[in-house]
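Below is one structure, written out as structure tokens; the observations come after it.
Protein chains get the first letters and strands the later ones, always in sequence-line order, with residue 1 at the start of each.
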Amino acid sequence: MPELPEVETVREGLARWVVGRTIGEVNVAHPRAVRRHLAGADDFTDALVGRTVTGARRRGKYLWLPLDSGDAILCHLGMSGQMLVQPPDAPAEKHLHVRVDFTDGGRQLRFVDQRTFGGLSLSRDGAELPPEIAHIARDPVDPDFDDEAFVAALRRKHTEVKRALLDQTLISGIGNIYADEALWRARLHGRRATHKLTRPPVRALLGHVRDVLAEALKAGGTSFDALYVNVNGQSGYFDRSLNAYGRADEPCGRCGTPIAREAFMNRSSYFCPRCQRRPAS
DNA sequence: TTCTGCTCCTGAGGGC
DNA sequence: TGCCCTCAGGAGCAGA
């Protein structure tokens, strides 16, 4: 599932393969892929043709490609979205929703998404940060991320610590996988109350979040199946380094206790019941 | 205002 | 073999 390391890997690929090229033709095969562009698919394609991509940027799990018109292509990969750079004669992927041809006749940019939770839209504000994602907080690998402001904001909340890690308006880029991994490293149960945590464990948790994300980024991301790939269709290999997520009933790497799995927010949480003590109530 | 839980969506896998 | 059910989860939205 694309979280910060996976999205950053895709951004790096787009910066290499797409920036500086001029769009010749756009084909939207599945309207749901551009549902967040309220003006519709025709408006989306019309605004792109003839424009040159000037950059590839990211905040949290969002990507955007600024254009020379001042607009930007905004992209979220959802759960299964892929931004692929493919030769024009490569066979169409089963869930190919948007295809972008460039005037140089070279590799196409393709948006492929099995579950269609992701999508593309056009941001027309021309701002440094697209207003559509202005509510998304900086991510913890952003040099301007304010550690102490995050610690204070998390402790002000009256919620569970894992839920807070998944709140993209508080800290962005973290999804279910890396939340479980960081909590395991921090020896914190995800249901611990944020307002009862003191500053030191929250600072330590933030450090573990950064470590996990950095290691995953180095590995090219986490892949459990073919749903997450980089722009060349290759999978990352950080899943081999996971200590908690997806390891139910396997021994904890620290104490040997079987990793537990429980339902959480319509998904699953993985934790060590011994290293990560559940709060009293 | 803040927090919680539902909904969208598709394919894999298991049970019958 | 085929049908049905469950599971996976990011983000927006409605309701408490």
| Test item: side-chain donor near acceptor, A:Glu262 and A:Ser269, under 3.5 Å | no
| request: Would you please test A:Arg58 and A:Glu8 for side-chain contact (heavy atoms from CB on, under 4.5 Å) and show each step? | output: CA-CA 7 Å; A:Arg58 179 188 60 76; A:Glu8 175 60 18; 2.7 Å; yes
| remark: note: A:Phe117, atom CZ; C:dA8, atom C1'; distance rounded to Å ~ 9 Å
| task | Begin with the C-alpha distance, continue with both residues' side-chain angles, and end with the deciding distance and a verdict on side-chain contact (heavy atoms from CB on, under 4.5 Å) for A:Lys61 and A:His76. | result | CA-CA 7 Å; A:Lys61 303 172 195 172; A:His76 195 290; 3.7 Å; yes
| message | What's A:Arg156 touching, base or sugar-phosphate or nothing? Going by heavy atoms closer than 4.0 Å. | response | nothing
| When you look at CG of A:Asp104, are more than 12 heavy atoms from neighbouring residues, nucleotides or ligands closer to it than 6.0 Å? | yes
| task | Indicate for each nucleotide in nucleotides 11-16 of chain C, in 5' to 3' sequence, whether protein heavy atoms under 4.0 Å reach the base (B), only the sugar-phosphate (S), or nothing (-). | result | BS----
| query | When the distance from CD of A:Glu262 to P of C:dC7 is rounded to whole Å, what number comes out? | reply | 15 Å
| Test: A:Arg107 cationic atom under 6.0 Å from A:Trp17 six-membered ring centre, within 45° of axis | yes
| query | What is the ring orientation for A:His97 with A:His30, classed by angle as parallel under 30°, tilted 30 to 60°, or perpendicular over 60°? | reply | perpendicular
| query | Mind checking which nucleotides bracket the chain A contacts on DNA chain B, 5' to 3', with an atom under 4.0 Å from a heavy atom? | reply | B:dC3 to B:dG11
| Rounded to the Å, how far apart are A:Gln114 CD and C:dC7 C1'? | 13 Å
| request: To the nearest 10°, let me know how far the axis at one end of the helix from B:dT2-C:dA16 to B:dC16-C:dG2 is tilted from the axis at the other, five pairs an end. | output: 50°
| task | Working to the nearest 0.5 Å, report the span between CD of A:Glu132 and CZ of A:Arg36. | result | 11.0 Å
| query | Distance from A:Thr22 atom OG1 to A:Asp68 atom CG, nearest 0.5 Å? | reply | 7.0 Å
| said: Both conditions, 6.0 Å and 45 degrees, for the charged tip of A:Arg254 above the ring of A:Trp184: are they met here? | reply: yes
| field | Rounded distance (nearest 0.5 Å) linking atom CD of A:Gln168 with atom NE2 of A:His135 | value | 8.5 Å
| request: Could you tell me whether the side chain of A:Arg155 and the main chain of A:His195 form a donor-acceptor pair under 3.5 Å? | output: no
| query | Toward the 5' end of DNA chain B, which comes first, A:Arg163 or A:Thr116, by nearest nucleotide? | reply | A:Arg163
